[in-house]
Amino acid sequence: VIERPASVVKELVENSIDAKSDSISIVVEDGGKKLIEVTDNGMGMSHEDAILAIERHTTSKISTAADLFNIATLGFRGEALASIVSVAVVDIITKTKESELGTHLRVEGGKITINEQISAPVGTRVSVKNLFYNVPVRRKFLKSTTTEFNHISEYVTKLALSHSEVSVTLKHNGKSIIAVQKGNLLSRIAMIFGNTIAKGCIKIQKSKETYSVNGYIAKPELSRKSRDYLYIFVNSRPIASQLITDAVLSGYGTSIPDKRYPVVFLFLEVPPQDIDVNIHPTK
């Protein structure tokens with residue numbers, strides 16, 4: 001599950017989304033190799049659940065085998081936290097609205113070294129320090145700080161686009177990189193990509209039975225040299241699909257020069273049972 005710092009950010013932030021947070025703060029140092037800290041204002045965990053959450057194969061997001069065929073949450077396996085705490089020094093501070101006190105756990109290499117109840121706000125903060133400190137071979141294969149942070153920034157951008165109801169901040173080495181407030185998709189596009197792209201966007205919306213396609217496509221004159229601005233989501237999950245990409249490029253036809261690519265923010269909604277998230281998107 002955990003290949004690089006961006007994997008940690010993805011898993012922690014998806015937990016925050018599933019916990020009904022509407023404000024998520026991400027702090028990163030040294031491209032995530034030194035520190036990744038994700039703070040949310042979600043529902044939090046009880047003391048018992050916090051201890052259980054770091055065990056393998058424990059999840060509160062499915063309760064029956066049938067739920068696997070109707071996945072509506074971003075996480076569901078119960079693997080992520082267990083994988084993270086086994087390869088880093090992790091502090092978890094969490095509190096539910098019903099609890100008088102919050103829980104502070106410190107887990108080092110999979111073993112709990114601090115387990116105490118403390119004052120804390122409702123929500124969860126997870127600090128991941130010194131990733132792969134106990135697996136030097138994997139740490140050696142991490143790329144440069146810039147490369148690792150670019151992977152994190154790319155993921156957070158996709159998250160910000162797919163969840164415009166959540167305010168998101170991302171800081172790297174003390175510098176603010178992304179700071180977007182709650183709003184609609186177009187305002188979020190403006191916040192991240194600038195007013196020029198937002199003003200050049202054309203709204204698209206089409207639905208049929210239980211399927212829908214909506215979002216924005218930019219005018220041909222705003223085309224780019226790479227496919228990096230082709231954002232495609234299925235049920236709010238970012239995906240890479242050659243089939244859909246080819247369909248979009250075919251739609252633009254000759255209005256975009258050869259080796260240029262459009263700016264597209266495309267959201268597909270399908271019944272959960274019609275997509276197998278074990279296969280695609282890659283997870």
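As the structure is a computational prediction, the values presented were derived from the model and not from experiment.
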Q. Quick one: does Ser21's side chain have a donor or acceptor within less than 3.5 Å of a partner on Ser23's backbone?
A. no
**Q.** Nearest atoms (heavy-atom pairs only) where Leu186 meets Ala198
**A.** CD1-O, 3.6 Å
**Q.** Modelled atom types, side-chain donor and acceptor of Glu108 and Thr113, under 3.5 Å
**A.** yes
Q: Using ring pair (Phe, Tyr, Trp, His ring centres under 6.0 Å) as the criterion, point out the one residue from Tyr216, Phe233, Phe193 that pairs with Phe265.
A: Phe193
Q) Of all heavy-atom pairs between Glu100 and Lys95, which one has the smallest distance, and what is that distance? A) O-CE, 3.5 Å
Q. Have Glu11 and Asn15 got a donor and an acceptor in their side chains that come within less than 3.5 Å?
A. no
(Q) Which heavy atom of Ala160 sits nearest to which heavy atom of Val180, and what is that distance? (A) CB-CG2, 4.1 Å
Q: Indicate if Tyr252 and Ile202 have the same hydrophobic cluster label, given that clusters are the connected sets of ILVMFWY residues with side-chain heavy-atom separations under 4.5 angstrom.
A: yes
Q: Using the ring of Tyr261 (Phe, Tyr or Trp, six-membered ring only), decide whether Arg224 places NZ or CZ under 6.0 Å from its centre and within 45 degrees of its axis.
A: no
Q: Output the distance between atom OG1 (Thr145) and atom CD (Glu29), rounded to the nearest 0.5 Å.
A: 11.0 Å
(Q) Just by distance, no angles: are the side chains of His47 and Asn115 close enough, under 3.5 Å, to form a donor-acceptor pair? (A) yes
Q) If we only count heavy atoms from C-beta on, is the Cys201 to Leu222 side-chain gap below 4.5 Å? A) no
(Q) Membership question, hydrophobic clusters at under 4.5 Å side-chain separation (ILVMFWY): are Val213 and Val234 in the same one? (A) yes
Q: Could you tell me which non-hydrogen atom of Met45 sits nearest to which non-hydrogen atom of Thr94, and how far apart they are?
A: N-OG1, 2.8 Å
Q) Can you name the nearest heavy-atom pair linking Pro271 to Tyr211, along with the distance? A) CD-CE2, 3.6 Å
Q: Would you mind reporting whether Ile152 and Leu170 have side-chain heavy atoms less than 4.5 Å apart?
A: yes
(Q) Keeping Arg106 on the side-chain end and Asp91 on the backbone end, is there a donor-acceptor pair under 3.5 Å? (A) no
Q | Heavy-atom closest pair, residues Lys182 and Ser167 | A | CG-N, 3.6 Å
Q: Run the salt-bridge test on Glu148 and Lys33 with the 4.0 Å N-O cut-off and return the result as yes or no.
A: no
Q.
Using a 3.5 Å distance criterion without hydrogens, assess whether the side chain of Thr245 forms a donor-acceptor pair with backbone atoms of Ser241.
A. yes
Q: Look only at the side chain of His151 and the backbone of Pro5, and say whether a donor-acceptor pair between them is shorter than 3.5 Å.
A: no
Q. Hey, does the side chain of Thr157 reach the backbone of Ser153 with a donor-acceptor pair shorter than 3.5 angstrom?
A. yes
**Q.** Co-membership, hydrophobic cluster, residues Leu249 and Leu268, 4.5 Å side-chain
**A.** no
Q) Hey, does Ile232 have a side-chain heavy atom less than 4.5 Å from the side chain of Val264? A) no
Q | Nearest-0.5 Å distance that lies between atom OG in Ser164 and atom CE in Met191 | A | 9.0 Å
Q) Would you call Pro262 and Val248 a side-chain contact if the rule is heavy atoms closer than 4.5 Å? A) yes
Q. Is there a chain of hydrophobic side chains (I, L, V, M, F, W, Y, each step under 4.5 Å between heavy atoms) that links Ile24 to Val122?
A. no
Please table the atom pairs, donor to acceptor, closer than 3.5 Å between any side-chain atom in residues 125-135 and protein atoms at least two apart or in another chain.
unit_1 : atom_1 : unit_2 : atom_2 : d
Ser127 : OG     : Glu37  : OE1    : 2.7
Tyr133 : OH     : Gly109 : N      : 3.2
Asn134 : ND2    : Ser86  : O      : 3.0

Q.
So Leu35 and Val28, do their side chains get closer than 4.5 Å, heavy atoms only?
A. no
Q) So, does Arg138 use its side chain to make a donor-acceptor pair with the main chain of Val87 at under 3.5 Å? A) no
**Q.** Test item: Val85 and Ile112 side chains (from C-beta on) under 4.5 Å apart, heavy atoms
**A.** no
(Q) Count I, L, V, M, F, W, Y as connected when their side-chain heavy atoms are under 4.5 Å apart, and connections chain through other members. Are Ile93 and Ile84 then in the same cluster? (A) no
Q. Would you say Ser7's side chain and Ile2's backbone share a donor-acceptor pair under 3.5 angstrom?
A. no
Q. Quick check: are there more than 12 heavy atoms from other residues, nucleotides or ligands sitting under 6.0 Å from NZ of Lys203?
A. yes
Q.
Test side-chain contact (heavy atoms from CB on, under 4.5 Å) on Thr39 and Ile26; report intermediate values, then the result.
A. CA-CA 7 Å; Thr39 306; Ile26 305 151; over 6 Å; no
Q.
If only side-chain N and O atoms count, and only distance matters, is there a donor-acceptor pair under 3.5 Å linking Asp30 with Asn173?
A. no
Q.
The test is side-chain contact (heavy atoms from CB on, under 4.5 Å); show your working for Val38 and Ser16 and say whether it passes.
A. CA-CA 8 Å; Val38 176; Ser16 295; 3.8 Å; yes
Q) Taking it one step at a time, do Glu154 and Asn150 satisfy side-chain hydrogen bond (donor to acceptor under 3.5 Å, both in side chains)? A) CA-CA 6 Å; Glu154 180 186 352; Asn150 285 344; over 6 Å; no
Q: Side-chain contact test, heavy atoms from C-beta onward, threshold under 4.5 Å: evaluate it for Val13 versus Val156 and give yes or no.
A: no
Q: Say whether Asn184 and Ser187, considering side chains only, have a donor N or O and an acceptor N or O under 3.5 Å apart.
A: yes
Q | Non-hydrogen side-chain atoms of Ile92 and Thr103 separated by less than 4.5 Å | A | no
(Q) I'd like to know whether CD of Glu165 has more than 12 heavy-atom contacts from other residues, nucleotides or ligands below 6.0 angstrom. (A) yes
Q. Are Ser212 and Ser207 linked by a side-chain donor-acceptor pair shorter than 3.5 Å?
A. no
(Q) Against Asp22, only a single residue in Ile17, Asp40, Asn41 fulfils side-chain contact (heavy atoms from CB on, under 4.5 Å); can you say which? (A) Asn41
